[in-house]
There are 2 protein chains.
Amino acid sequence: MVQDSSERLFSQSVEDYVKSIYLLQQDSGSVTTSELAKKMKTSPAASTKMIKHLTENRLTEHTRYHGVRLSPAGEKIALEIIRHHRLIELYLHQALGYEWDEVDAEAEKLEHHISEEFEARIDKMLDYPLTDPHGDPIPTRELEIAPRRGAPLDNSEPGDTLIILRVRDSNPEALRYLKHLEMRLGTILKIIEKQPFNGPITLKIGEKTHSIGRELAGHVFVERYVREVVD
Amino acid sequence: MVQDSSERLFSQSVEDYVKSIYLLQQDSGSVTTSELAKKMKTSPAASTKMIKHLTENRLTEHTRYHGVRLSPAGEKIALEIIRHHRLIELYLHQALGYEWDEVDAEAEKLEHHISEEFEARIDKMLDYPLTDPHGDPIPTRELEIAPRRGAPLDNSEPGDTLIILRVRDSNPEALRYLKHLEMRLGTILKIIEKQPFNGPITLKIGEKTHSIGRELAGHVFVERYVREVVD
DNA sequence: AATATAATTTAACCATGGTTAAATTATACC
DNA sequence: GGTATAATTTAACCATGGTTAAATTATATT
């Protein structure tokens with residue numbers, strides 16, 4: 001049964017579900033059973049069961065047949081895991097030379113198994129960083145978290161000059177492709193054309209132009225670029 | 001149920017049992033049910049059950065009411081985990097400044113959750129090391145492992161000049177105490193006196209003398225020191 | 001060689017986190 | 001407002017890895 005380490009109060013499964021609920025409810029307020037099941041790659045029945053279990057443990061609030069949402073206690077656990085995840089991602093990138101498409105999978109496994117000691121040491125070594133390699137905010141030690149920055153690239157219009165602040169971390173293939181197009185955090189680009197019927201978006205990056213599909217563009221989060229970025 | 005990652009064929013429990021069998025059988029050839037239960041901090045019944053399971057999976061050979069021993073396949077898995085464990089220990093020590101009494105507990109948790117990629121990267125970063133912070137040999141990538149070096153300090157006799165090659169890694173308190181006495185890997189010491197009836201051993205380290213009990217001395221592995229160590 | 005004791009195994013049970021199939025509830029449409 | 005469809009929940013089941021108590025086997029002693 002692999003007993004929980006002394007520092008851990010809940011099982012890895014509970015941690016994973018709570019984290020997933022946090023990430024899903026960021027976009028939608030509350031989370032449905034089937035959204036959660038899809039994210040966890042299990043059946044809706046398993047999702048229901050876990051929601052029941054989480055609610056009994058006061059990590060979530062649930063009204064039957066409607067969504068689930070994290071309680072303050074649940075949010076705390078989610079933020080702890082997300083802090084682990086994003087610190088580990090950045091550590092792998094900075095200290096071990098991982099590419100940005102490789103860090104998520106490794107962090108996914110390690111996030112449940114590091115000690116507070118390890119967390120503190122890599123946090124210090126990275127000089128208390130605020131964002132991970134995909135531009136997602138890292139919760140502080142006090143579990144305060146900055147809002148996610150940027151709006152989806154496919155919401156912007158031709159003529160806009162934009163800076164990339166964040167990318168969705170979930171899809172390694174997409175990340176590799178973006179890197180290949182030299183679309184990284186901080187990259188400045190201009191929208192040349194947006195074809196109708198959800199057609200491709202044409203961009204200018206430096207001297208080059210590329211076309212990317214709407215779906216990929218939805219993974220890239222940008223804001224208007226003004227010469228001196230306000231801090 | 002936390003599905004196994006793509007790189008892992010067996011559960012964390014199986015890995016832990018197999019590793020424990022490896023470590024126990026180093027000293028004793030084969031391992032009894034209750035030795036294994038004690039090491040795993042479970043009941044003998046649980047130990048029996050797992051032995052049955054391991055044997056069905058051809059990781060061990062078992063004759064009922066007698067000991068269990070690893071098959072070649074089991075040994076391979078044990079060495080993979082031990083390689084992970086010892087590389088991680090050394091990495092924590094060298095790259096993150098962990099003390100030698102802190103590395104075991106952290107490595108215990110991480111050893112099951114790193115990828116081949118991670119293993120390869122820290123191995124390279126550490127320049128393909130051969131021993132961990134306690135002087136235990138690290139299996140190579142091909143899973144070849146050097147014999148453990150040194151004989152227990154309490155086997156040596158007054159007058160012997162010795163060098164510390166290895167310490168038992170299991171007991172953080174003992175490790176802290178040894179460090180406090182400046183007994184580290186490579187430390188040279190001379191046995192002044194060995195009191196009868198399993199009494200303390202008096203040592204000279206540099207200009208200082210200390211007395212340590214037999215039990216602690218059993219955790220320290222040494223060899224005769226000759227000016228130029230043969231390589 | 002018989003027997004007391006210790007070690008091992010088996011049996012019956014539990015919790016966790018999955019599954020599929022059936023029942024229930026919500027919702028969208030006419 | 002009733003009904004088809006979709007979503008959710010429940011029920012019955014499974015595997016893993018634990019537990020304690022009882023049965024079995026090994027061993028040590030006389």
Side-chain angles (χ1 to χ4, degrees), chain A residues 1-6 8-21 24-25 28-69 74 77 81 108-109 112, chain B residues 1-6 8-21 24-25 28-69 74 77 81 108-109 112:
Chain A
M1 200 175 281
V2 183
Q3 69 254 15
D4 289 359
S5 97
S6 51
R8 192 132 46 77
L9 287 172
F10 296 98
S11 71
Q12 177 172 345
S13 273
V14 165
E15 289 181 352
D16 270 328
Y17 273 95
V18 164
K19 174 186 157 194
S20 292
I21 294 169
L24 290 169
Q25 79 176 21
S28 34
S30 88
V31 179
T32 66
T33 299
S34 40
E35 280 169 355
L36 185 55
K38 189 182 171 197
K39 176 124 198 180
M40 293 301 296
K41 299 182 181 192
T42 63
S43 64
S47 181
T48 294
K49 230 191 190 184
M50 182 54 86
I51 288 168
K52 207 180 152 202
H53 181 234
L54 295 176
T55 302
E56 279 162 3
N57 282 274
R58 319 214 157 277
L59 300 182
T60 50
E61 286 153 25
H62 183 224
T63 40
R64 289 167 86 265
Y65 293 98
H66 295 277
V68 66
R69 57 164 29 118
I77 290 171
I81 299 301
E108 203 69 42
K109 295 186 293 178
H112 306 288
Chain B
M1 200 175 284
V2 185
Q3 67 253 13
D4 289 0
S5 96
S6 50
R8 191 130 53 75
L9 286 172
F10 296 99
S11 70
Q12 177 172 344
S13 274
V14 165
E15 289 181 353
D16 270 329
Y17 273 95
V18 164
K19 174 186 157 195
S20 291
I21 294 169
L24 290 169
Q25 77 176 23
S28 34
S30 89
V31 179
T32 67
T33 299
S34 40
E35 280 169 356
L36 185 55
K38 189 181 171 198
K39 176 125 197 177
M40 293 301 297
K41 300 183 181 190
T42 63
S43 64
S47 181
T48 294
K49 228 189 191 186
M50 181 55 87
I51 287 169
K52 207 180 152 203
H53 181 234
L54 295 176
T55 302
E56 279 162 2
N57 282 274
R58 320 212 156 280
L59 301 182
T60 51
E61 286 153 26
H62 183 224
T63 40
R64 290 167 85 267
Y65 293 97
H66 296 276
V68 67
R69 56 164 29 119
I77 289 170
I81 299 300
E108 203 70 40
K109 295 186 293 178
H112 307 288

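Lettering of chains follows the sequences in order, A, B, ..., and the numbering in each one begins at 1. Remember, it's a predicted structure, so these values are computed and weren't measured experimentally.
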Measure from [atom1] on [X] to [atom2] on [N] and round the result to the nearest Å.
| X | N | atom1 | atom2 | value |
| --- | --- | --- | --- | --- |
| B:Lys52 | D:dT16 | NZ | C1' | 14 Å |
| A:Ile51 | C:dT16 | CD1 | P | 17 Å |
| A:Met50 | C:dT19 | CE | C1' | 15 Å |
| A:His62 | D:dA7 | NE2 | C1' | 11 Å |
| A:Leu36 | C:dG18 | CG | C1' | 14 Å |
| A:Phe10 | C:dT16 | CZ | P | 12 Å |
| B:Lys38 | D:dG18 | NZ | P | 18 Å |
| A:Leu54 | D:dT9 | CG | P | 13 Å |

Query raised in the report: Given the rule in the side-chain contact (heavy atoms from CB on, under 4.5 Å) test, do A:Met50 and A:Val14 qualify, once you have shown the distances and angles that lead to the verdict?
Result: CA-CA 8 Å; A:Met50 182 54 86; A:Val14 165; 4.2 Å; yes
Query raised in the report: Would you find a donor on one side and an acceptor on the other, under 3.5 Å apart, between the side chain of B:Thr32 and the backbone of B:Glu35?
Result: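 Pair found, side chain donor or acceptor close to backbone of B:Glu35.
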Report task. State whether the side chain of A:Ser47 and the backbone N or O of A:Ser34 hold a donor-acceptor pair below 3.5 Å, judged by distance alone. Result ->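 Checked: no pair found.
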Query raised in the report: Of the candidate nucleotides D:dT8, D:dT24, C:dT27, which contains the atom at the shortest distance from the side chain of A:His66?
Result: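 The answer is C:dT27.
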Query raised in the report: Please walk me through it: do A:Thr42 and A:Tyr17 pass side-chain contact (heavy atoms from CB on, under 4.5 Å)?
Result: CA-CA 11 Å; A:Thr42 63; A:Tyr17 273 95; 3.6 Å; yes
Query raised in the report: Taking only N and O in the side chain of A:Tyr17, is any of them less than 4.0 Å away from OP1 or OP2 of C:dT16?
Result: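 So the side chain of A:Tyr17 is outside the cut-off, no N or O lying under 4.0 Å from OP1 or OP2 of C:dT16.
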Query raised in the report: Between B:Thr32 and C:dA7, does any side-chain N or O lie under 4.0 Å from OP1 or OP2?
Result: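 For B:Thr32, the contact criterion (side-chain N or O under 4.0 Å from OP1 or OP2 of C:dA7) is not met.
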**Report entry** Contact list for DNA chain D against residues 39-49 of chain B - heavy-atom distance below 4.0 Å
**Finding:**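 Contacts with DNA chain D under 4.0 Å: B:Thr42, B:Ser43, B:Ala45, B:Ala46, B:Lys49.
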**Report entry** Opposite nucleotide pairing with C:dA22, Watson-Crick or G-U, both atom distances under 3.5 Å
**Finding:** D:dT9
Report task. Once you apply the 3.5 Å cut-off to both distances, tell me the Watson-Crick or G-U wobble partner of C:dA28, or none. Result -> D:dT3
**Report entry** Residue A:Lys52 excluded, over 12 heavy atoms near NZ under 6.0 Å
**Finding:**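 12 or below, so no.
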Query - Closest-nucleotide 5' rank along DNA chain C - winner of B:Arg64 and A:His53 - result: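 Counting from the 5' end, the first nearest nucleotide belongs to B:Arg64.
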Requested in this report: For A:Ile21 and A:Arg69, run side-chain contact (heavy atoms from CB on, under 4.5 Å): C-alpha distance rounded to whole Å, both residues' side-chain angles, the deciding distance at 0.1 Å, then the answer.
Outcome: CA-CA 7 Å; A:Ile21 294 169; A:Arg69 57 164 29 118; 5.8 Å; no
Requested in this report: Show your reasoning for whether side-chain contact (heavy atoms from CB on, under 4.5 Å) applies to B:His112 and B:Asp16.
Outcome: CA-CA 9 Å; B:His112 307 288; B:Asp16 270 329; 2.9 Å; yes
